[in-house]
Amino acid sequence: MKKVLAMLMAFVMVLGVLAGCTGNGGNSKAESSKPAESSKAEQSKTESKAEASTPAESSEPESTIPALPFEETLHVSVFNDMNAKFVGLVEDYADIPWYKWLAERLNVVWEFSNIPTEAAAEKFGLLISSKKWTDVIDGKFGNYPGYDVQAYKDGIIEALNTYMDEGYMPNMLAFYAAFPQFEQLVRLSTGEYLEVPHLRIVAEDLNSNGLVVRKDILDALGLPVPTTIDEWDATLRAVKAAYPDIIPFSPRDAKWMNSNVPFIAAWGMTYFEYNDGGTAKYGAVQDEFKDYLTLMHSWYEDGILDPDWLTSDTKIITAKVAAGQVFSYVGAAGGNLRNPWNAIVTEDVNSPVEYEGAPVPTLNKGETPKMGHRDNVHTLYGGWYMTTQAPDKYRLAQVMDFLYSEEANRTMYFGIEGENYHVDPDGRINHYEIGADGAVVDLRTSWEPSRTATPSAYAQGYFVLATASIYKDNNPEIATPEPVDENADELTKKLRHIEEVRQTALKLWASFDPVNRMPELVYTTEQLETRTEIYSEIENYVYEQVARFIMGDRDLNDFDNFRTEVYNMDLETALSIAQEVLDQYNGK
Amino acid sequence: MSKKARTSGQRTHWQMVAHDLKVNRTIYLLAIPMLVYYILFKYVPMYGVTLAFKEYKFLDGILGSPWATPWYKYFKQFVTGRWFVITVKNTFLLSLLDFIFGFPAPIIFALLLNEIRSTPFRRTVQTITYMPHFISVVVVCGMIVQFCATKGLFNSIISFFTGREGKNLLMQTSWFRPVYIGSGIWKGIGWNSILYIAAIHGIDQSQYEAAKIDGAGRFAQALFITIPCMAPTIIIKLIFRMGDMMSIGFEKVFLLQNDATLQVSEVISTYTYKTGLKGMKYSLSTAINLFDTIINLALLLTANALARKFSETSLF
Amino acid sequence: MAIKRTRGEKIFTVINTIFMLFLSFIMLYPLWHVLVASFSIPTRIMAHQGALLWPLGYSLEAYEAVFGHPMLFRSYMNTIIYVVLGSAINMFMTILGAYVLSRRNLYFKKYIMIIITITMFFSGGMIPNYLLVDALGLRDTMWALLLPGAIGTYNMIMMRTYFQQIPYDLEESAKIDGAGDLRILVQVILPLSAPILAVIGLYYGVGHWNSWFSAMIYLTDRTKFPIQLILREILIMGQFSELEDTAASTTWSAVEETLKYAIIIVATVPILCVYPFLQKYFDKGVLVGALKG
């Protein structure tokens, strides 16, 4: 039976080749390998693995689309910058396990430029100016005048539509079909797709910051974790009264007070643009903003707010937190929730200090917050762009497309079988190994013991993880629970506990209903330029005046003048653009 | 010894040039490496200055890019910006204050150091004082931020003397400039004095001998020998300093400023950074640089002219 | 009269000495802080605020992180080469230039000065310079770091000023003995210029030691990287722990806190070792009088 099948397929293949060669003027698009000899079986396997096959493919002579891995090695040069994660671990991205795996899987040779991040903007400018471009450019077009759209018009970037239409990018098509809301973010209004985007589609990946409180102090005072503004006010004052040497609230720095909306979110807004039931509004000119400022001002006057708040930064906060001098602050998922606490327990494993994440505050008890910290799904101008100078565009498109395949995503998240996990008898993926002495080894650290080593950690950016992130929670594929080392010492147990608190906090911070959040709108280049110009002026001004209001350098009764000043800076123009696009988005 | 005096009869202009070339031919030969360097590495790329007047199109290169319409477009953009007056004022004032207090400091220090008789002590002090120059500005500013905190070192000292509780110094507009200037002096006084010390040590010792014989004390010696002999070095350095007036470095101001002090701490370089004018808006940043440069040049030429009038030393 | 002077001088000496000690203290303390912090246990530095007199605990973690970088010693070697070779080129070019500019009765001197000074103000910017270096075929070579900056105009003018101050009669007497311009440079000017040569040499040397921007722009071959670039990399590496928010890490290091201090020490100590050697050159008084006649 198999033999018959094989012969049949070979026959069809040959037919296809003949049809292709004689047909449409010999699709000479591929200066690439002749696909005729590659096994049909492999090719259909690849295609069926894609989440959904597009109808177009089946009618085309499939043999013109090379199968992966390629017959002939494809060289791909990529302009990238070294993400901080990899500095010191690898000198070349090509040595990262994930890219190594990709190289093997696709028969590709990578040539990364590995620019140090600080030089990235300059080097990018020089790259473009020198007119000798790599095949792929990773991101960076935010710096290009007119952004990626202009780069496309100028002939630097290649639009991917051709390749998508002709079946070279099945995974992307499948993804967009399954997630039209994300397709919206990537596709230009004129219909082009310019990039293979970096997307983070799971809510938790988008939130990393929120309020943190000292649980042990709350317990000592007999108070619950505050959830409303009034509760916060009362709690902070109580803390101040009982512990005069501890700073009740210490923000990381002034801008974080806005971007992480610790308290302003309670009024359902930020300092800047937000969405009030379909109307684009600006936080700083709302009446409620004055309430917020009044509260902050009273906190500053009464010593609730850290007197050094404007000169704070991550290091300083971390130091204060590690020294136990702070009751509440705005924590970041990695940095200043886990690290200073780790420092405390490393010093003294029996320290009573206990932190906990607090939810986004609201005005009234029991409400779900309508605003909170959230990054954008689409990293603007992040993603892989194909340049017009790439010699083998069709195959390159396939390579770029493969990054969105289920196979690639699984490898990105789980790792490589045998290295980062093994499969349990019941079919589940298990990352852990129990050594003879009972010690638990996390196979994900196999590559580099001092760092988390899942290949996903090593892949730059956030290539979809569409499927990958979904694997994070409640994933039936992963063996649970994580084995616990019975012989672990106190410190390890404490560190695990800290990690659990951190994970809980992350979920808590992400649990708000982003109704008031301005959705990710796609603007035209002209709109973007106008808005950027206007807003960069306004935003700096707002930050400055907020500081002065809070410190009392400017009287709160002067708020109306402040409002007028902001309007005079052309706020309406920028806001009306937002309204226009928002209406389109809402389908009006 | 003037060569002109030797001629018998008038020489034409060209004859003078020919004569000069002949007599000084070795010198001109020696000048070739320098001239080649300047032409190749400084003048060949200088067409980049035209960026300030052009609409830069990456693919056309600088020379191929079209002229901006109108040619002063980017200058206008800069000058009519909301923060133009404040940033220019702050840049200039900060620089001026730094000049008034920071320029004499290394000179005075060099003089005082010169008065230390014990060589080992003097050398040790010298070495120690130039160390701050090597600590990166990021670390220095980190320390400054700590010291200026509400309960930081500076406030402890201030409360000790005034009995009042301090407020964060860097959050007060009145303290920004003193902190900026003071820390600048701290960082640079040792390193900047090296040149002056070298100048002092280049002075003919016999002059001092003669002065001592005439009964001059140390102070008089310093006043009438040391300082005049240092004068050329000081004057040239001063002229250069004038040519640096509008150049306030970005990093230090950026690290020390915050929203409370922007009215005094926002300078041209930080403003352009914040409004996203870094990155690839080459035309605009070139225009702004040109603006600064022209002011600097004007000041330098003025200083040079004054130096020519009142002293023997000048740049040209 | 004599007594008054001596007492006044004595008081002055005392005050001066106290002042110098005070200066030394306020300069030394921050460096001491840096040194001490670099040997401390990172977690304790993290929690520490205020003054630091002694290491908090003892830990070589920071130095391990620095020296553990594979490129560290290589880049040290690179930098030494760049410093030595670079400064040699600098001094050669600068001495010639300063000498030319210090000559009297040079018809074109003023024009040359103007040409040179203009370049201090107007420069083409990064793109034209990059394209030039590329066109010359110097990209990704050591020469891209050493040639474009071969002359520091400021330094050259300082040297010129110094040369101008050497008494002209010394030159004259050499000329009478039949010396040409080149011999005057070598036999008259240079021997008397030890102080300025030492200072300018120091400026150039330190400049090369501290430089990283040109390397960042022009070099892609890592084996050519200078030390400052590697140190910046190490610093970024240390900061990673801030950014990480992926899966749990059971081992975690606060080494970033002390890393930045260790980096300063590693970057500064070599210069501190070199300086004393140069110091005696500009400390030495020059007895021009002894050479007369």
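Chain letters run A, B, ... following the sequence lines, proteins first, then strands; residues in each count from 1.
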**Q** Given that the side chain runs from C-beta out, which part of B/Val49 has a heavy atom under 4.5 Å from chain C: side chain, backbone, both or neither?
**A**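 The answer is both parts of B/Val49.
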**Q** Against chain B, label C/Ile26 side chain, backbone, both or neither, depending on which of its atoms sit under 4.5 Å from a heavy atom there.
**A** both
**Q** With side chain to side chain contact (heavy atoms under 4.5 Å, CB included) as the criterion, how do B/Leu290 and C/Phe122 come out once you've worked through the C-alpha distance, each side chain's angles and the decisive distance to 0.1 Å?
**A** CA-CA 8 Å; B/Leu290 209 52; C/Phe122 297 99; 3.7 Å; yes
**Q** One pair to check against side chain to side chain contact (heavy atoms under 4.5 Å, CB included): C/Thr258 and C/Ser38. What are the steps and the verdict?
**A** CA-CA 5 Å; C/Thr258 48; C/Ser38 71; 5.7 Å; no
**Q** Could you look at B/Val125 and say if it's the side chain, the backbone, both or neither that has a heavy atom under 4.5 Å from chain C?
**A** both
**Q** Among C/Leu23, C/Ile157, C/Thr13, which has the most heavy-atom pairs under 4.5 Å with chain B?
**A** C/Ile157
**Q** In terms of heavy-atom proximity below 4.5 Å to chain B, should C/Ile264 be classed as side chain, backbone, both, or neither?
**A**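 Answer is side chain: those atoms of C/Ile264 sit under 4.5 Å from chain B.
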**Q** With ring centroids as reference points, do B/Trp191 and C/Tyr203 lie under 6.0 angstrom apart?
**A** yes
**Q** Can you say whether B/Leu21 sits under 4.5 Å from chain C via the side chain, the backbone, both, or neither, judging by heavy atoms?
**A**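 Contact with chain C: side chain only.
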**Q** Look at the rings of B/Phe154 and B/Phe147 and say which category their plane angle falls in: under 30° parallel, 30 to 60° tilted, over 60° perpendicular.
**A** tilted
**Q** Can you say whether B/Pro132 sits under 4.5 Å from chain C via the side chain, the backbone, both, or neither, judging by heavy atoms?
**A** side chain
**Q** C/Thr161, C/Leu131, C/Leu21: which one forms the most heavy-atom pairs within less than 4.5 Å of chain B?
**A** C/Thr161
**Q** Quick one: which of C/Ile263, C/Thr153, C/Ile166 has the most heavy-atom pairs under 4.5 Å with chain B, could you say?
**A**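 Heavy-atom pair counts peak at C/Thr153.
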**Q** Would you call the rings of C/Tyr29 and C/His33 parallel, tilted or perpendicular, taking 30° and 60° as the class edges?
**A** perpendicular
**Q** Below 4.5 Å from any heavy atom of chain C, which atoms of B/Ile235 appear? Answer side chain, backbone, both or neither.
**A**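 It is neither, since no heavy atom gets under 4.5 Å.
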**Q** Quick one: which of C/Met20, C/Arg160, C/Met120, C/Met126 has the most heavy-atom pairs under 4.5 Å with chain B, could you say?
**A**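 Option with the top pair count is C/Met20.
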**Q** Tell me, out of C/Leu182, C/Thr268, C/Ile116, who's got the most heavy-atom pairs with chain B below 4.5 Å.
**A** C/Ile116
**Q** May I ask you to decide if the ring planes of B/Tyr37 and B/Phe41 are parallel, tilted or perpendicular, using 30° and 60° as cut-offs?
**A** tilted
**Q** For chain B, find which of C/Val34, C/Ile114, C/Asn210, C/Val206 contributes the most heavy-atom pairs closer than 4.5 angstrom.
**A**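 Greatest number of close heavy-atom pairs with chain B: C/Val206.
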